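Here's the structure we're looking at; comments come further down.
Just so you know, these numbers come straight off a predicted model, no measurement behind them. Residue numbers run from 1 in the order of the sequence given.
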Amino acid sequence: MRAAILLVALAVTCAATPVPAMDSGPSSAPAKDADADNGRKAIEARDWKSAIENLNRAAAREPRNADLQNLLGFAWRKSGNLELAFKYYNEALRLDAKHRGAHEYIGEAYLLVNNIAKAEEHLGALNKLCMLPCGEYTEIRKAVEDYRRTRK
């Protein structure tokens with residue numbers, strides 16, 4: 001009986017003691033980045049210059065972040081600089097070959113330069129990546145269909 005009481009007391013003590021967070025290493029969630037957040041907000045506001053400035057600062061701190069590279073590609077494409085858009089989309093895909101957003105956006109950029117074959121290549125990649133139809137696949141498929149319809 002005495003052992004049972006000690007076990008209950010130990011369990012109550014352990015449950016009440018906070019356990020410090022453990023660093024799970026590189027796979028732990030990244031800390032919030034004000035520049036990345038401001039870059040996303042600027043994209044929503046269609047303020048491409050501010051988006052690029054903020055995202056560049058964030059990407060300088062996290063050059064291996066495929067999401068930031070993809071967002072930079074998007075902002076550059078929307079600002080009219082396709083050369084830089086392709087640079088950042090390709091970097092996003094180099095970092096993460098399965099990055100669905102980068103496949104969609106680079107496919108859309110290829111349509112802007114009339115390279116339907118490359119756009120369809122990324123459509124095909126998304127078809128393989130998305131087990132069920134995903135938003136990225138649906139968007140680029142529609143863009144390719146619209147492109148084909150308007151070019152006839």
Side-chain angles (χ1 to χ4, degrees), residues 11 14-152:
C14 289
T17 305
V19 177
M22 297 193 59
D23 181 10
S24 61
S27 64
S28 63
K32 280 290 206 178
D33 185 309
D35 288 322
D37 289 343
N38 289 335
R40 287 181 183 92
K41 289 175 187 170
I43 284 175
E44 289 173 15
R46 298 176 184 251
D47 181 354
W48 311 124
K49 183 178 184 282
S50 178
I52 290 164
E53 290 170 356
N54 281 285
L55 293 168
N56 271 328
R57 283 192 297 272
R61 287 187 297 277
E62 283 190 79
R64 299 191 50 76
N65 184 319
D67 291 334
L68 292 173
Q69 299 298 319
N70 181 49
L71 290 171
L72 275 163
F74 182 84
W76 279 114
R77 175 169 58 103
K78 291 297 188 173
S79 73
N81 189 326
L82 292 175
E83 182 178 337
L84 284 175
F86 282 115
K87 172 189 170 195
Y88 287 102
Y89 290 141
N90 281 315
E91 181 62 9
L93 290 169
R94 185 187 71 77
L95 293 169
D96 180 1
K98 296 179 180 180
H99 197 287
R100 295 186 323 205
H103 279 291
E104 175 194 350
Y105 292 155
I106 198 170
E108 291 172 357
Y110 277 122
L111 292 175
L112 292 173
V113 296
N114 298 311
N115 191 337
I116 186 73
K118 289 297 277 184
E120 287 178 330
E121 179 181 312
H122 290 280
L123 174 64
L126 282 168
N127 190 37
K128 290 177 184 172
L129 290 172
C130 300
M131 298 305 254
L132 300 172
C134 62
E136 296 86 357
Y137 173 81
T138 302
E139 290 295 319
I140 189 61
R141 187 188 74 218
K142 182 182 180 314
V144 166
E145 289 169 356
D146 290 347
Y147 179 90
R148 287 191 176 286
R149 189 172 41 257
T150 60
R151 298 300 186 263
K152 285 187 176 184

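The shortest non-hydrogen separation linking Gly73 to Ala85 is O-CB, 3.4 Å. In plain terms, the two heavy atoms of Gln69 and Ala59 that are nearest each other are NE2-CB, 3.9 Å. Minimum interatomic distance between Ile52 and Ala75 (heavy atoms only, all atoms of both residues): CG1-CB, 3.6 Å. Shortest non-hydrogen contact noted between Ile140 and Gly107 is CD1-C, 3.5 Å. Shown here for His99 and Leu93, the closest heavy-atom pair between the two residues is O-CD2, 3.8 Å.
The pair Glu145-Arg141 counts as a salt bridge, with a side-chain nitrogen and a carboxylate oxygen less than 4.0 angstrom apart.
Screening Arg40, Lys41, Arg61 against Asp35 for a salt bridge (charged side-chain N to carboxylate O under 4.0 Å, His left out) leaves a single residue, Arg61.
Between the side chains of Asn54 and Ser50, at least one donor N or O sits under 3.5 Å from an acceptor N or O.
Within the model, atoms CG of Asp33 and CG of Leu68 stand 7.0 Å from one another, a figure rounded to the nearest 0.5 Å. One finds the NZ atom of Lys142 at 7.5 Å from the CD atom of Glu139 (value rounded to the nearest 0.5 Å). Between Asn56 atom CG and Trp76 atom CH2 the span is 7.0 Å, to the nearest 0.5 Å. Atom CG of residue Leu95 and atom CG of residue Asn65 lie 8.5 Å apart, to the nearest 0.5 angstrom.
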Next on the checklist: Would Arg94 and Glu91 count as a salt bridge (charged side-chain N to carboxylate O under 4.0 Å, His left out) here? Give the steps.
Outcome noted: CA-CA 5 Å; Arg94 185 187 71 77; Glu91 181 62 9; 2.7 Å; yes
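Glu104 places a side-chain heavy atom less than 4.5 Å from the side chain of Glu108. Ile43 is listed as a side-chain neighbour of Leu55, based on a closest heavy-atom distance under 4.5 Å. For the pair Tyr147 and Asn114, the minimum side-chain heavy-atom distance is below 4.5 Å.
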Residues 118-133 side chain polar contacts: donor-acceptor under 3.5 Å, at least two apart:
from: Lys118; atom 1: NZ; to: Glu121; atom 2: OE1; distance (Å): 3.4
from: Lys118; atom 1: NZ; to: Glu121; atom 2: OE2; distance (Å): 3.3
from: Glu120; atom 1: OE1; to: Arg148; atom 2: NH2; distance (Å): 3.1
from: Glu120; atom 1: OE2; to: Arg148; atom 2: NE; distance (Å): 3.1
from: Glu120; atom 1: OE2; to: Arg148; atom 2: NH2; distance (Å): 2.3
from: His122; atom 1: ND1; to: His103; atom 2: ND1; distance (Å): 2.9

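In this structure, Tyr89 contributes its side chain and Phe74 its backbone to a donor-acceptor pair below 3.5 Å. Not a single donor-acceptor pair under 3.5 Å links the side chain of Asn70 to the backbone N or O of Ala66.
Checked against the 6.0 Å centroid criterion, the rings of Tyr110 and Phe86 qualify as a close aromatic pair.
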